[in-house]
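Written out below as structure tokens is the structure these notes cover.
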There are 2 protein chains.
Amino acid sequence: MGKRPTRDDVAREAGTSTAVVSYVINEGPRPVSEETKQKVLAAIHKTGYMPNGIAKSLANGSSDTYALLVTDMANPFLAQMAQALEHELFSRNKTLLVGDSNDDPARQLELLEAFQRQQVSGLVWYGVDQPLPLNAIDSYPGTVVLINQPAGSPAGQQAGRRIRVEVNEYAEAQMATEHLISHGYQHLAMISGPKERLNSRERIRGWKAALRQADMEAGALISAPYTRQGGYDAALQIGEETDAVFVSNELQAMGFLAGLAASGRRAPDDVAVVAMNRTPAASYLVPSLTAVQLPHAQMAKRIAEVLIGNIVDVEDGGNTVDTGSRHGAKPAGAGVRLEPGKNSDDLECIGVNHTLVIGHSCGCTGR
Amino acid sequence: MGKRPTRDDVAREAGTSTAVVSYVINEGPRPVSEETKQKVLAAIHKTGYMPNGIAKSLANGSSDTYALLVTDMANPFLAQMAQALEHELFSRNKTLLVGDSNDDPARQLELLEAFQRQQVSGLVWYGVDQPLPLNAIDSYPGTVVLINQPAGSPAGQQAGRRIRVEVNEYAEAQMATEHLISHGYQHLAMISGPKERLNSRERIRGWKAALRQADMEAGALISAPYTRQGGYDAALQIGEETDAVFVSNELQAMGFLAGLAASGRRAPDDVAVVAMNRTPAASYLVPSLTAVQLPHAQMAKRIAEVLIGNIVDVEDGGNTVDTGSRHGAKPAGAGVRLEPGKNSDDLECIGVNHTLVIGHSCGCTGR
DNA sequence: GTGAAAGCGCTAACAC
DNA sequence: GTGTTAGCGCTTTCAC
């Protein structure tokens with residue numbers, strides 16, 4: 001590893017002081033004459049100099065690195081978030097570190113520590129256990145963005161330097177369920193995530209709220225892991241009377257469709273299916289999956305702004321029903337309205353608008 | 001951001017010198033008496049001290065950070081690699097940076113530069129354009145692991161500090177094709193990636209080799225993007241005579257199955273399908289997809305060892321046909337043998353063994 | 001407009 | 001076994 005040129009080499013080459021080289025590179029904080037500037041630039045070019053980000057961070061007391069801490073990188077929904085976030089950070093000259101807790105709370109904390117040691121300037125946290133270890137978050141020396149914290153949770157109430165993204169899974173679930181109701185299905189079941197998780201409960205609440213509003217009774221509620229196999233197994237447990245199912249996670253929905261097929265049933269004829277946290281894969285399942293989608297690009301943008309401290313303004317907007325699949329579709333009800341709100345001075349909530357993207361699995365398109 | 005305690009604070013608290021604190025933390029390079037050690041540990045605990053990784057890296061001249069540079073993080077195959085690599089690095093106390101080139105060569109280079117500035121110690125590169133910009137790799141001041149470089153490519157031949165992982169996509173393609181042949185299908189088509197890519201060509205070579213060996217004629221060869229939509233569109237172009245298709249990428253295969261269904265055909269009855277670069281999603285497609293799988297965990301382990309310079313030994317082993325799906329299956333032919341080889345002293349090739357995982361899409365399980 | 005020099009927090013060679 | 005100290009490459013204050 002042949003020694004790379006340093007700022008000293010550039011200064012020597014340019015016949016200036018090292019300070020001037022910094023001024024040129026950073027365009028400040030002091031002015032430099034055009035002539036000197038050119039000499040420095042030439043020297044940089046000639047030596048092939050490239051600033052040492054590590055040294056820069058040490059001197060600055062802060063790094064250009066941010067981290068994403070998730071439960072499962074292989075989950076397409078989260079991989080998509082990672083991708084979107086990477087793009088936003090890249091365009092701001094920042095880099096993204098990833099941590100995969102593998103659904104393990106202990107590991108989650110170890111990753112937090114590792115990030116802290118690496119002087120990661122801020123992190124986006126899709127937590128495993130909920131409520132999250134608030135003390136760990138509070139003591140984190142940087143901005144923390146929480147993606148999946150329900151509004152009523154402690155993380156959403158306690159003040160701190162962290163910022164929560166209001167995904168409102170409650171409303172997502174409600175929207176999905178309302179769509180099924182609008183089709184006239186009578187016996188709505190739900191596949192939820194593990195019961196002990198706060199976000200599972202949020203989704204269940206949304207499902208129940210929609211049913212209540214329509215004055216309908218809740219059907220079977222099956223709790224399953226947020227995995228394909230979880231959905232597959234759940235499909236085998238769905239009773240004859242059930243004519244529509246709200247699946248609370250796309251991975252589960254994928255398995256659910258497979259399970260239905262394996263047991264000789266089909267969506268939407270035998271059982272209609274609507275899911276949430278959609279990814280582009282939904283359009284290519286057989287049948288294509290109707291699901292609620294989060295505006296991940298918009299979320300990533302907001303998150304990046306918040307992390308880096310270049311907050312612009314929170315755009316408002318209602319939730320909509322889209323015909324986003326390749327197939328024809330008839331729009332349907334469900335227009336929940338989310339409001340970007342602030343709970344306290346320290347805690348910014350970012351409103352996120354979700355959308356229902358129609359596929360074949362809900363029966364919208366005949367068969 | 002209240003100032004965090006530094007090593008100086010710990011030394012003061014423990015009543016020792018700063019050097020001793022380092023010795024304790026790093027368990028060397030000099031011995032420390034048990035008594036002093038305890039005092040230091042107590043001080044660390046009391047102050048809540050956490051080493052500053054940035055400063056450490058500066059002093060050491062190398063960081064604990066590695067990077068993964070891919071074309072598309074949302075591709076489940078690559079997300080899976082990212083996950084596996086993160087796990088391996090985490091267990092070695094290293095962190096993983098990700099870069100998503102979005103299939104853009106220019107961006108790929110920018111990411112390389114960013115990593116270089118950040119003093120990333122080594123990187124894993126799944127390149128966009130092939131052959132890769134060798135000069136950029138050669139000048140990279142760290143270990144570079146190339147994932148998708150065919151054996152015969154310049155990157156595989158030119159000496160350097162980089163190390164290539166021998167995925168042997170040629171053999172993967174061959175294995176998949178041979179499986180179709182063993183079923184007795186007569187008219188084999190192939191959906192390849194973009195023609196200008198080296199890895200597309202490798203896969204095509206494998207397909208042709210299998211056909212040649214069986215003394216069969218090549219059927220339609222359709223080139224499509226490595227996307228679901230690419231596979232979907234390709235399915236609509238497949239002629240009546242084709243009874244089996246080798247799809248060169250799992251995303252394409254997913255779209256292909258959807259396209260078949262949309263056009264009223266089904267796998268495997270109308271067209272059998274086998275793909276490569278499988279992920280767990282394959283088992284849950286309808287029908288479940290037969291595909292060649294890479295041992296990503298094993299690969300990640302080897303890559304991590306290589307990156308960090310803790311190389312153990314290259315385990316050998318043949319390729320096998322597995323019944324890895326949830327469904328019953330009859331094993332089938334195709335046993336290509338890969339050898340971990342060395343092209344030069346500087347270029348280590350890591351042999352990777354692939355496996356055919358049987359699903360329903362190839363017709364193995366009746367249907 | 002330019003340059004000398006004091007850190008940033010840590011490692012490790014070198015003295016004691 | 002322990003302490004002193006000279007860097008690592010950069011930023012930035014403060015003189016000139």
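Below, read A as the first sequence line, B as the second, and so on, with proteins coming before strands; counting in each chain starts at 1.
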Nucleotide dG9(D), atom C1' - distance to CZ of R4(A) in whole Å = 11 Å

Got a sec, which residues hit salt bridge (Lys or Arg N to Asp or Glu O under 4.0 Å) with K39(B), two or more places apart in sequence or on another chain?
-> none

Taking for each residue the nucleotide of DNA chain D bearing the nearest heavy atom, is the 5' side occupied by S33(B) or by A19(A)?
-> S33(B)

For Y49(A) and dC10(D), give me the distance from atom OH to atom C1', rounded to whole Å.
-> 7 Å

Whole angstrom is fine here: how far is it from CG in D64(A) over to P in dC10(D)?
-> 14 Å

Give a yes/no answer on whether the side chain of Y23(B) brings an N or O atom under 4.0 Å of OP1 or OP2 in dA13(C).
-> no

Give a yes or no answer on whether the side chain of T71(A) reaches the backbone of D103(A) with a donor-acceptor pair at less than 3.5 Å.
-> no

Could you tell me whether the side chain of S57(A) and the main chain of G53(A) form a donor-acceptor pair under 3.5 Å?
-> yes

Lys/Arg-Asp/Glu bridge criterion (N-O < 4.0 Å) met for R302(B), E305(B) | yes

For K37(A) and dT2(C), give me the distance from atom NZ to atom P, rounded to whole Å.
-> 12 Å

In whole Å, what is the span from the CD atom of E27(A) to the P atom of dG1(C)?
-> 15 Å

To the nearest Å, how far apart are R12(B) CZ and dG3(D) C1'?
-> 15 Å

Atom-to-atom span, CD of Q118(B) to P of dC10(D) - whole angstrom = 13 Å

Where do R107(B) and E86(A) land on the salt bridge (Lys or Arg N to Asp or Glu O under 4.0 Å) test, with the steps shown first?
-> CA-CA 12 Å; R107(B) 181 155 178 170; E86(A) 191 273 346; 3.4 Å; yes

Within the sub-3.5 Å range, which N or O atoms of nucleotides 6-8 of chain C have a protein N or O partner, and how far apart are they?
| unit_1 | atom_1 | unit_2 | atom_2 | d |
| --- | --- | --- | --- | --- |
| dC8(C) | O2 | A59(A) | N | 3.3 |

In whole angstroms, the gap separating P of dG9(D) from NZ of K56(B) amounts to 18 Å

Indicate whether OP1 or OP2 belonging to dC10(D) is found under 4.0 Å from a side-chain N or O atom of T18(A).
-> no

The side-chain contact (heavy atoms from CB on, under 4.5 Å) partners of R12(A) (sequence neighbours excluded) come to D8(A), D9(A)

D72(A) and Q83(B) side chains, donor-acceptor separation under 3.5 Å = yes

Does OP1 or OP2 of dC10(D) have a side-chain N or O of S57(A) closer than 4.0 Å?
-> no

Assess whether one donor atom and one acceptor atom, taken from the side chain of R30(A) and the base of dT12(D), lie less than 3.5 Å apart.
-> no

Please determine, for the side chain of S22(A), which listed nucleotide (dT12(D), dA12(C), dT2(D)) has the closest atom?
-> dT12(D)

